[in-house]
Amino acid sequence: MANGAIHQLAGAAAGIGICLKNNDDHPEDQFDPVLAGLFGGAMGKLPDWLEPATNPNHRQFFHSIVVLVGCTYGVKKLYEWKPDKQEMVWLRRLLVVAGAAYLSHLLLDGVTPKSLPLIGK
């Protein structure tokens with residue numbers, strides 16, 4: 001079962017992975033892999049900040065299949081977005097890395113015996 005350190009590591013890996021993929025696909029908008037890894041590591045724990053893991057049944061809406069599907073769609077759309085203003089470029093970078101890290105958390109929780117609820121409990 002994944003703990004906080006595993007979620008941070010997976011989030012960092014997701015951040016670096018999406019960064020490297022982005023840098024190949026969008027050479028005009030390069031991410032810094034170190035920053036993406038650090039931010040991804042922090043965001044890998046976001047679901048547990050929203051719904052603290054104080055008991056084994058903490059998985060509610062933010063740990064659900066509905067959020068997993070919505071987040072996947074959102075990250076895909078953000079990845080395809082080509083903003084024209086520099087502040088929007090930075091927003092895109094942050095949101096893509098945060099979304100990938102969030103997804104890593106949900107995927108790790110999804111393969112545990114408790115899995116993910118459809119909507120919440």
Side-chain angles (χ1 to χ4, degrees):
M1 185 172 294
N3 60 22
I6 298 296
H7 284 306
Q8 284 181 302
L9 183 60
I16 292 168
I18 199 81
C19 166
L20 296 176
K21 176 72 172 136
N22 178 81
N23 291 352
D24 284 346
D25 292 348
H26 302 281
E28 73 285 354
D29 178 19
Q30 297 286 304
F31 286 21
D32 180 337
V34 173
L35 292 177
L38 291 171
F39 186 60
M43 291 295 98
K45 290 190 68 170
L46 183 58
D48 285 342
W49 291 337
L50 296 171
E51 295 170 346
T54 55
N55 69 61
N57 299 313
H58 75 280
R59 295 179 187 164
Q60 299 294 319
F61 178 72
F62 292 108
H63 281 85
S64 69
I65 293 172
V66 169
V67 171
L68 175 74
V69 171
C71 189
T72 301
Y73 179 76
V75 169
K76 178 187 181 304
K77 295 309 264 183
L78 284 166
Y79 190 82
E80 295 168 347
W81 179 35
K82 296 187 186 320
D84 54 353
K85 295 181 180 173
Q86 188 58 36
E87 57 272 8
M88 293 294 113
V89 169
W90 276 99
L91 178 63
R92 176 187 171 274
R93 290 175 185 161
L94 290 174
L95 292 175
V96 167
V97 170
Y102 197 104
L103 285 171
S104 75
H105 184 110
L106 294 181
L107 292 172
L108 284 172
D109 281 358
V111 297
T112 64
K114 287 214 176 261
S115 192
L116 298 174
L118 179 60
I119 297 173
K121 294 182 181 168

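Fair warning: this is a prediction, and the values are worked out from it, not measured in the lab.
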(request) Using the side-chain hydrogen bond (donor to acceptor under 3.5 Å, both in side chains) rule, collect all pairs that involve residues 67-78, keeping only residues at least two apart or in two chains. (result) K76-E80
(message) If I compare all heavy atoms of N22 with all of R92, which pair ends up nearest, and what's the gap?
(response) OD1-NH2, 2.9 Å
(message) Applying a strict under-4.5 Å side-chain criterion to I, L, V, M, F, W and Y, I'd like to know whether I6 and L116 cluster together.
(response) no
(request) Mark yes when over 12 heavy atoms from residues, nucleotides or ligands other than W90 sit less than 6.0 Å from its CH2; otherwise mark no. (result) no
(message) Tell me every residue that passes side-chain hydrogen bond (donor to acceptor under 3.5 Å, both in side chains) with K82, counting only those two or more places apart in sequence or in another chain.
(response) H26
(message) Quick one: does any side-chain atom of Q60 pair with a main-chain N or O of G120 as donor and acceptor, under 3.5 Å?
(response) no
(request) Report yes or no: do M43 and L107 belong to one cluster of Ile/Leu/Val/Met/Phe/Trp/Tyr joined by side chain heavy-atom distances under 4.5 Å? (result) yes
(message) If the condition is side chain to side chain contact (heavy atoms under 4.5 Å, CB included), which residues does L91 pass it with, not counting sequence neighbours?
(response) M88, L95
(message) Check for me, please, whether L35 and L46 land in the same ILVMFWY cluster - side-chain distances under 4.5 Å, paths through other members count.
(response) no
(message) By the side-chain hydrogen bond (donor to acceptor under 3.5 Å, both in side chains) test, which pairs, at least two apart or in different chains, include something from residues 4-15?
(response) H7-H105, H7-D109
(message) Using a 4.5 Å cut-off between side-chain heavy atoms of Ile, Leu, Val, Met, Phe, Trp and Tyr, which other residues end up in the same hydrophobic cluster as L20?
(response) I16
(message) Just to verify, what does L94 make a side chain to side chain contact (heavy atoms under 4.5 Å, CB included) with, not counting sequence neighbours?
(response) F39
(message) Please say yes or no: joined through hydrophobic side-chain contacts below 4.5 Å, possibly via intermediate residues, are F61 and L108 part of one cluster?
(response) no
(request) Applying side chain to side chain contact (heavy atoms under 4.5 Å, CB included), name anything that partners V89, two or more places apart in sequence or on another chain. (result) D29, P83, Q86, R93
(message) Give me each pair satisfying salt bridge (Lys or Arg N to Asp or Glu O under 4.0 Å) with a member in residues 14-25, each pair once, sequence neighbours excluded.
(response) K21-D25
(message) On a heavy-atom basis, which atom in A101 and which in G40 lie closest, and how many Å separate them?
(response) CB-O, 3.3 Å
(message) Please give the remaining members of the hydrophobic cluster of L38, linking ILVMFWY side chains under 4.5 Å, ordered by chain and number.
(response) V34
(message) F62: which residues meet the side chain to side chain contact (heavy atoms under 4.5 Å, CB included) condition with it, sequence neighbours left out?
(response) L50, E51, Y102
(request) Over all heavy atoms of both residues, which pair between L118 and S64 is shortest? Give the atoms and the distance, please. (result) O-CB, 3.5 Å
(message) Please determine whether residues I18 and L9 belong to a single hydrophobic cluster, defined as Ile, Leu, Val, Met, Phe, Trp and Tyr linked transitively by side-chain heavy-atom distances below 4.5 Å.
(response) no
